[in-house]
Amino acid sequence: MVSINYSSREVCCKIVYYGPGLSGKTTNLLYVHSKVPSDTRGKMISLATEADRTLYFDFLPINIGTINGFAAKFQLYTVPGQVYYNATRKLVLRGVDGVVFVADSQPDKMDENIESLINLEENLREYGYDINDLPMVIQYNKRDLPGVLPVESLNAKLNTRGWPHFEASATLGNGVFDTLKLIIKLVLDKAKSSAAGRSRPSVAVAASPSEEPDPPDTEAPPEEAVTAPADPVAAQPAPSTANASADTAPARAPAATATEETAEAESGPPPEPARYRPYPGSEQSAAVDNKPSVAGFEPSTAEESEDAAPQTAGKEDVAVMDQAEHLTQPIMSPSLKRRGQSADGKKRGFFKRLFGIK
Amino acid sequence: MADDSLIFYEEEINQIDALISKMLKGAEAKCALLVDKDGHLITRQGFTHSLDTTALAALLAGSFASTKEIARLVGEPEFSVLFHQGKKDNIHMSLVGDRSILVVIFDDRTTIGMVRLYAKETSIELTKIFEKIKEQSADETKSGITHDFASQAEDKLDDIFQD
């Protein structure tokens, strides 16, 4: 689909060259690449096999300049023509705005042309496009070769829908620009009419929600783990605010219990506030960790709780030590205990005892 | 889907840019691109000047698309995170909503874990923005493509494409 970006002021359209193997799709792009001024085109990328057969796609971006303040950009793609590359061929068609069907004019290639055209229709249908609605141009290529079929017979077999057609010879460059110019024009005309037709939003609205709720459930299960717990957090703000107060402390200590967190908050400024300042949404993951659900499990937070473990363990050790000291003091030194009780407490007694101060 | 063109206004792009640059700072990554699944670049942040972002966007989208097919073959609907490890630079790709990909390029100054964490949180925020954009574009008629646009384009084409 046409992408319009008001921020970078760009209009971007995708044009795909389709057709049977060795019909000259890549040659079309190569010719455009060689003839168009270098400031108009980007780098051509070809994902090809060692024998120069297209494996995935060829890609050539062209920028025809600024129109009405918008940079008009076109991305030209080709598909691999061989029958057995249908999986990748279909992928390239995603979001297509216009198709150039490059047919081979040689008599023995007619079956391949027909097969490819049927394949195009099928693949488009899988993406929800109708071949009759899509801007399309047929290019009868290899007209320079001897013994090619006359245009009338090609039209009769391939162009039953009356698409505009051109005779071309991609190696010599005849007809290449005519084809490209027309498909660009058709794509822009289509975009213009669909922009005008968007005043009927009911169709678009009806179409979009049906697509939208699906992906979290069906397409992206790991995301679901994240998006699903976002609701409980919004519903019960109490834990997140509790975290927020303690979250000046490391955002990495989500597994700590409430009492530990408050103790930590009272204990003074956090150790590394700048580096581990909570990022928006990190309160969510903290809240998620309190829930012992499978959906809430994430490897990253598991790491975090491991990180947090030494801290809490250390704190517990201190508490245990204090207790132990308290218990052992009377046995070890009754006199110090008496002084500790009367004055600041046992710690002073402990240090005095340690350094031998009377 | 065919009529469902993608329209971004400045306000939303600014919001998206702010989120992405915050993520870059937090994760200490080099740069990030937001790419449409069709291969269009939506926005970019960080040190992208030395990169051919148009080609990168098309290739990354292609790579994501082919991985989706691989996922289907092994019985997964889609792999939502992809990671490419290199000698110096690495690429982390994660799905945002149902039609965009957040691409983070980073080197050894940070770790995959940090990038993953921040990318995950950012994609949640971005998904919300995209949902808003989708709602808006459904009832707005404003468009950059007018009658003028198509006819002016034709004139330009004649200038550029001369044999």
Side-chain angles (χ1 to χ4, degrees), chain A residues 1-7 11-12 14 36 40 42-43 45 56-57 59 61 64-65 67-68 70 72 75 87-88 91 94-95 127-129 133 173 177 180-181 184-185 188-189 191-192 194-195 198-199 201 204-205 207-208 211-212 215 218-220 222-223 226-227 279-282 300 303, chain B residues 1-10 13-14 22 26 36-40 42-43 52 54-55 58-59 62 65-66 69 77-78 80-81 95 97-98 113 116-118 120-121 123-125 127 131 134 138-139 141 143-150 152-154 156-158 160-163:
Chain A
M1 71 236 36
V2 179
S3 158
I4 304 171
N5 192 327
Y6 279 86
S7 176
V11 175
C12 206
K14 180 171 179 176
V36 161
T40 303
K43 210 169 131 187
I45 286 177
Y56 194 170
F57 59 80
F59 171 72
I64 63 168
I67 302 161
N68 284 1
F70 281 83
Q75 301 187 331
T88 48
L91 296 178
R94 194 194 153 96
Y127 281 114
Y129 295 108
D133 287 347
F177 280 155
L180 183 58
K181 273 193 264 188
I184 288 178
K185 185 180 173 301
L188 289 178
D189 283 346
K192 184 181 71 187
S194 72
R198 210 176 299 136
S199 52
V205 172
S208 52
E211 278 182 19
E212 209 158 50
T218 56
E219 289 192 19
E223 295 260 326
V226 184
T227 49
Y279 198 72
S282 64
S300 58
E303 274 176 32
Chain B
M1 184 176 163
D3 282 341
D4 205 4
S5 65
L6 206 61
I7 301 179
F8 291 100
Y9 295 105
E10 202 158 353
I13 292 286
N14 289 343
K22 205 170 176 182
D36 181 41
K37 268 190 184 174
D38 304 343
H40 302 304
I42 298 171
T43 186
D52 182 356
T54 312
L59 289 170
S66 65
E69 284 303 304
E78 191 163 37
S80 61
V81 173
L95 200 64
D98 57 341
R116 232 192 118 120
L117 179 73
Y118 280 98
K120 204 170 193 178
E121 283 160 5
S123 64
I124 296 171
E125 298 290 317
T127 310
E131 276 165 13
K134 213 164 189 178
D139 32 62
T141 53
S143 169
I145 295 182
T146 56
H147 287 271
D148 266 7
F149 195 94
Q152 284 187 35
E154 255 177 82
K156 289 243 179 195
L157 290 176
D158 290 333
I160 295 168
F161 300 131
Q162 289 170 355
D163 285 300

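In what follows, chains are A, B, ... by sequence order, proteins preceding strands, each numbered from 1.
The distance from atom CG of Leu188(A) to atom CG of Leu157(B), rounded to the nearest 0.5 Å, is 7.5 Å. Annotation: the span from Asp36(B) atom CG to Ser3(A) atom OG amounts to 6.5 Å, rounded to 0.5 Å.
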Worksheet item: Does the side-chain contact (heavy atoms from CB on, under 4.5 Å) test come out yes or no for Thr54(B) and Gln75(A), once each step is laid out?
Response: CA-CA 9 Å; Thr54(B) 312; Gln75(A) 301 187 331; 4.0 Å; yes
Item to complete: Please test Ile13(B) against Tyr6(A) for side-chain contact (heavy atoms from CB on, under 4.5 Å), starting from the C-alpha separation and ending with a verdict.
Response: CA-CA 8 Å; Ile13(B) 292 286; Tyr6(A) 279 86; over 6 Å; no
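Looking at every heavy atom in both residues, Ile42(B) comes nearest to Asn5(A) through O-ND2, 2.9 Å. In plain terms, the two heavy atoms of Phe149(B) and Ile67(A) that are nearest each other are CE1-O, 3.4 Å. In terms of heavy atoms, Tyr56(A) sits closest to Gly62(B) at OH-O, 2.5 Å. Nearest heavy atom pair, residue Arg94(A) against residue Asp38(B), reads NE-OD1, 3.1 Å.
Interface remark: of the candidates Ile184(A), Asp133(A), Asp189(A), Ile184(A) forms the most heavy-atom pairs closer than 4.5 Å to chain B. Between chain A and the options His40(B), Glu10(B), Lys156(B), the largest number of non-hydrogen pairs under 4.5 Å is found for His40(B).
Side-chain atoms of Phe59(A) and Leu59(B), non-hydrogen and from C-beta on, never get closer than 4.5 Å to each other.
Of the two parts of Thr88(A), neither the backbone nor the side chain holds a non-hydrogen atom closer than 4.5 Å to a non-hydrogen atom of chain B. Ile45(A) touches chain B through its side chain: at least one heavy atom from C-beta onward sits under 4.5 Å away, while N, CA, C and O do not.
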